[in-house]
There are 2 protein chains.
Amino acid sequence: MASTKEPDSSRRSDRSRRAIHDAALALVGERGYRRTTIEAIAARAGVGKQTIYRWWPSKAAVLMEAFLDLAARSAEEAGPQAGGEHGIPDTGDLAADLKRVLRATVDELNDPALEGPTRALTAEGVVDAKLGAEFVEKLLDPQLALYVTRLRAAQEAGQLRADADPRIALELLVAPLTHRWLLRTLPLTHAYADAIVDLALGGLTSRP
Amino acid sequence: MASTKEPDSSRRSDRSRRAIHDAALALVGERGYRRTTIEAIAARAGVGKQTIYRWWPSKAAVLMEAFLDLAARSAEEAGPQAGGEHGIPDTGDLAADLKRVLRATVDELNDPALEGPTRALTAEGVVDAKLGAEFVEKLLDPQLALYVTRLRAAQEAGQLRADADPRIALELLVAPLTHRWLLRTLPLTHAYADAIVDLALGGLTSRP
DNA sequence: AAGGCAAGACGATACGTATCGGCTTGCCCG
DNA sequence: CGGGCAAGCCGATACGTATCGTCTTGCCTT
């Protein structure tokens with residue numbers, strides 16, 4: 001028993017880890033997820049295959065960590081009051097604030113540099129429940145939480161129905177964008193984001 | 001040129017095709033998409049590997065066709081006025097009609113027999129644009145078209161804002177369900193479907 | 001000197017192709 | 001008519017390639 005020898009993480013090479021992150025992101029962007037092999041990642045990173053197998057359980061896990069690392073670094077660079085990641089602005093105008101954030105999300109989803117890895121990771125999570133849970137917990141939920149706080153503020157300001165669950169309301173706003181992007185049903189544009197905000201806030205029912 | 005000899009489809013064995021469909025669906029349900037191999041499908045179907053490679057370009061294509069066939073057959077069985085596939089009911093009560101259909105969709109998405117293959121196919125479409133387009137065209141769009149007609153009827157009955165694009169309004173209703181199911185953020189229940197309908201129709205904004 | 005490191009050999013699968021008789025199908029010739 | 005004959009799909013299987021994940025070997029950092 002207990003033959004599962006855990007490697008000593010204190011001796012781990014941070015240099016190799018970063019090189020593997022970079023190589024993984026680059027290769028997935030260039031050739032797609034399916035066609036990037038562990039061996040290719042190792043070769044590009046100038047690293048032995050075993051160094052990857054020692055520290056990661058799967059190709060998807062490598063990519064996930066690379067992604068998290070990238071997000072953490074770009075968040076750090078961006079500083080406290082950055083563009084679209086560190087909280088949703090509250091100017092008092094809920095519709096305008098939401099449009100601003102959703103437009104930024106549209107731009108992010110349409111960014112060709114991020115599209116490949118993001119699609120790969122999402123698709124993997126759709127099929128692999130374990131990885132999907134990690135994806136949701138570490139990447140998606142923190143972002144959605146920002147909406148919850150902003151929507152709660154709107155609720156306290158009397159701009160949002162008191163009986164609306166912010167967690168559900170948020171999905172009404174975000175899910176349509178995700179839907180178009182993931183399934184590629186129709187183009188994902190700023191105009192679409194605006195339309196979603198207007199319809200979601202105003203409601204579909206006609207009023208006198 | 002023209003050395004691409006197309007096989008003669010008139011001599012194709014329908015028996016083999018069905019066996020392959022069934023085997024593919026069963027194996028994907030049992031072992032997941034990644035771990036079902038073409039060779040295993042052939043073995044289970046009692047079919048030569050080449051018979052699969054002769055008629056299908058990829059594993060995903062086999063599954064897609066199997067799925068379409070299944071949908072077509074179950075639609076046929078269900079008859080003209082079946083549960084949830086052949087048009088959205090129009091009782092005059094838009095909210096009730098939508099809840100009925102979305103609840104049925106929830107049940108379908110939660111059906112363990114269909115979950116495996118559907119996830120596999122969707123995930124493949126997320127990554128493979130060509131397959132995704134086929135998936136949308138042959139499976140998703142026809143279903144969404146039903147919403148468009150129902151919503152247009154509601155619009156003519158004065159129950160839906162005249163300035164709302166039905167194609168976008170539909171996404172407000174359907175996307176949240178897809179979102180929860182695909183990403184597994186929270187449980188997908190009838191109560192959630194009802195909440196979505198109420199919020200989408202009534203709007204998020206508080207009213208006097 | 002202990003252990004992670006780069007490099008790569010290795011067995012195990014799965015892929016997609018090629019080929020083999022066997023069997024059905026449709027056509028030709030007697 | 002009707003027996004044979006070519007064509008072509010069928011199940012089956014051998015084959016070479018690609019990738020996997022493990023294992024081994026020295027080197028080099030710590």
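Sequence lines set the chain letters: A, B, ... in the order given, protein chains first and strands last, and positions in each chain run from 1.
Distance from the side chain of A:W55 is smallest to C:dG4 among C:dG4, C:dA6, D:dC10. Nearest nucleotide to the A:T37 side chain, out of D:dC10, D:dC20, C:dG16: D:dC20. Comparing atom distances between the A:K59 side chain and each of D:dC20, D:dG11, C:dA6 picks out D:dC20 as nearest. Of the candidate nucleotides D:dC10, D:dC9, C:dC5, D:dC10 has the atom nearest to the side chain of B:S13.
Residue A:Q50 places a side-chain atom within donor-acceptor reach of the base of D:dC23, judged by atom type and a 3.5 Å distance cut-off alone. For a distance-only test at 3.5 Å, the side chain of A:K49 qualifies as a donor-acceptor partner of the base of D:dG21.
Distance, B:E39 CD to D:dA18 P: 17 Å, rounded to whole Å. Taking atom CD1 of A:I52 as the reference point, atom P of C:dG8 lies 15 Å away to the nearest angstrom. Following rounding to the nearest Å, B:D8 (CG) and C:dG26 (C1') show an atom-to-atom distance of 11 Å. Per the geometry, OH belonging to A:Y33 stands 13 Å off C1' belonging to D:dC20, to the nearest Å. For the pair B:I38 CD1 and D:dT13 C1', the interatomic distance rounds to 17 Å; values are reported in whole Å. With rounding to whole Å, A:R17 atom CZ is found 14 Å from C:dA6 atom P. Put simply, OH on A:Y53 is 12 Å from P on D:dT19, counting in whole angstrom units. Per the geometry, CH2 belonging to B:W56 stands 15 Å off P belonging to C:dC15, to the nearest Å.
Residue order along DNA chain D, read from the 5' end via each residue's closest nucleotide, puts B:R11 first among B:R11 and B:A43. The 5' end of DNA chain C is approached more closely, in terms of each residue's nearest nucleotide, by A:D14 than by the other of A:D14 and B:R35.
Between A:P166 and A:T149, the closest side-chain pair of non-hydrogen atoms is not below 4.5 Å.
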Checking side chain to side chain contact (heavy atoms under 4.5 Å, CB included) for the pair B:L68/B:M64: CA distance, chi angles, key distance, verdict? CA-CA 6 Å; B:L68 288 170; B:M64 166 87 79; 4.1 Å; yes
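Put simply, CG on B:L27 and CZ on B:R35 are 13.5 Å apart, with the number rounded to the nearest 0.5 Å. Atom CD1 of A:I88 and atom CG of A:D97 lie 8.5 Å apart (nearest 0.5 Å).
An OP1 or OP2 oxygen of D:dC10 is reached within less than 4.0 angstrom by a side-chain nitrogen or oxygen of B:R54. Residue A:S16 has a polar side-chain atom (N or O) positioned under 4.0 Å from OP1 or OP2 of C:dA6.
A cation-pi arrangement, defined by a distance under 6.0 Å to the six-membered ring centre and an angle within 45 degrees of its axis, is present between A:R119 and A:W181.
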